[in-house]
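For reference, the structure is listed below as structure tokens.
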Amino acid sequence: RDLIVKLAKEIPGLEVNEPQGAFYLFPKCSAFYGKADTNGKVINTSDDFAFYLLERAHVATVGGDAFGSPECFRMSYATSDENIVEAMRRIKEALAELK
């Protein structure tokens, strides 16, 4: 948990709270709404955001709409530290491309 929280806090635009249970991180991603990818596709929802991460960063997440928080998205950290570091690197890189 500590690793993914630390890495997520290093990504500009994500608002991160420390999880108190389970093995999910649920950061706020609405700072990216209205931004477009290199093809001009605009991110308007957490589902758009999750799809962008899947398509561009090859990291699977779930939009917050499914959990009653449309401004957030959910990531599991039930994996190795190696996988977390790589996923967060990919996410950071992908989000930096949005305009």
Side-chain angles (χ1 to χ4, degrees):
R1 175 192 73 180
D2 295 339
L3 175 63
I4 197 167
V5 168
K6 175 189 170 296
L7 295 174
K9 285 182 176 182
E10 293 174 1
I11 299 175
L14 290 184
E15 190 175 316
V16 182
N17 291 320
E18 193 164 311
Q20 297 302 309
F23 44 86
Y24 297 104
L25 188 65
F26 202 57
K28 190 172 181 181
C29 61
S30 56
F32 295 96
Y33 295 179
K35 295 192 177 195
D37 67 15
T38 55
N39 295 320
K41 184 174 181 197
V42 178
I43 294 173
N44 293 310
T45 67
S46 61
D47 287 338
D48 292 346
F49 184 85
F51 185 74
Y52 173 73
L53 292 182
L54 179 62
E55 189 174 65
R56 173 61 187 90
H58 306 289
V59 176
T61 64
V62 179
D65 284 326
F67 308 99
S69 295
E71 71 284 357
C72 298
F73 72 110
R74 183 167 134 168
M75 298 187 283
S76 171
Y77 54 88
T79 187
S80 70
D81 287 356
E82 238 176 37
N83 287 342
I84 290 170
V85 169
E86 178 63 15
M88 298 308 288
R89 182 194 66 76
R90 291 180 189 183
I91 290 171
K92 186 175 187 177
E93 184 179 286
L95 294 178
E97 293 177 2
L98 293 172
K99 304 288 180 210

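Atoms considered below: every heavy atom in the structure, side chains included; atoms not considered: hydrogens, waters and symmetry mates.
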Original post:
Should Thr61 and Tyr52 count as side-chain neighbours, where that means a heavy-atom distance under 4.5 Å?
Top reply: no
Original post:
Atom CZ in Phe73, atom CG in Leu25: separation rounded to 0.5 Å?
Top reply: 7.0 Å
**OP:** Apply the test side-chain contact (heavy atoms from CB on, under 4.5 Å) to residues Ile43 and Phe51: give CA-CA distance (whole Å), side-chain angles for both, the deciding distance (0.1 Å), then the verdict.
**Re:** CA-CA 9 Å; Ile43 294 173; Phe51 185 74; over 6 Å; no
**OP:** Please name the pair of heavy atoms, one in Tyr33 and one in Pro70, separated by the smallest distance, quoted to 0.1 Å.
**Re:** OH-O, 2.5 Å
Original post:
So how far is it from Glu55 CD to Lys41 NZ, rounded to the nearest 0.5 Å?
Top reply: 6.5 Å
Subject >> Asn17: partners by side-chain contact (heavy atoms from CB on, under 4.5 Å), with sequence neighbours left out >> reply: none
Subject >> Single-linkage hydrophobic cluster Val62~Phe32, side-chain heavy atoms < 4.5 angstrom >> reply: no
Original post:
Do the side chains of Met75 and Ile4 get nearer than 4.5 Å, heavy atoms only?
Top reply: yes
Original post:
Do Leu54 and Ile84 belong to the same hydrophobic cluster, where Ile, Leu, Val, Met, Phe, Trp and Tyr are linked whenever their side-chain heavy atoms lie under 4.5 Å apart, directly or via other members?
Top reply: no
Original post:
In Å, rounded to the nearest 0.5 Å, how long is the span from CG of Leu7 to NZ of Lys92?
Top reply: 8.5 Å
**OP:** State, yes or no, whether a side-chain contact exists between Asp48 and Val42 at a heavy-atom distance under 4.5 Å.
**Re:** no
Original post:
Considering all heavy atoms of both residues, which atom of Ala78 and which atom of Ser76 are nearest to each other, and what is their separation?
Top reply: N-OG, 3.2 Å
**OP:** Step through the shown structure and confirm whether more than 12 heavy atoms of other residues, nucleotides or ligands are within 6.0 Å of CD on Glu18.
**Re:** yes
**OP:** Give the intermediate values and the outcome of side-chain contact (heavy atoms from CB on, under 4.5 Å) for residues Tyr77 and Val5.
**Re:** CA-CA 10 Å; Tyr77 54 88; Val5 168; over 6 Å; no
Original post:
Which atoms form the tightest heavy-atom contact between Met88 and Ile11, and what is the distance?
Top reply: CE-CD1, 3.7 Å
Subject >> Side-chain touch Leu98/Asp37, heavy atoms, less than 4.5 angstrom >> reply: yes
Subject >> Residues Arg89, Glu86: salt bridge by 4.0 Å N-O rule >> reply: yes
Subject >> Interatomic spacing from CD in Glu71 to CZ in Phe26 - rounded to 0.5 Å >> reply: 7.0 Å
Original post:
If you look at every heavy atom in Cys72 and Ser46, which pair is closest and at what distance?
Top reply: O-CB, 3.0 Å
**OP:** Could you pull out all residues at least two apart from Glu15 that satisfy side chain to side chain donor-acceptor pair (under 3.5 Å)?
**Re:** none
Original post:
Out of curiosity, Arg1 CZ to Gln20 CD, how far, rounded to the nearest 0.5 Å?
Top reply: 6.5 Å
Subject >> Minimum-distance pair of heavy atoms, taken over all atoms of Pro12 and Glu10 >> reply: CD-O, 3.3 Å
Original post:
Out of curiosity, does Val85 fall in the hydrophobic cluster containing Val16 (side-chain heavy atoms, cut-off under 4.5 Å, transitive links)?
Top reply: yes
Original post:
Just by distance, do the side chain of Arg74 and the backbone of Tyr24 share a donor-acceptor pair under 3.5 Å?
Top reply: no
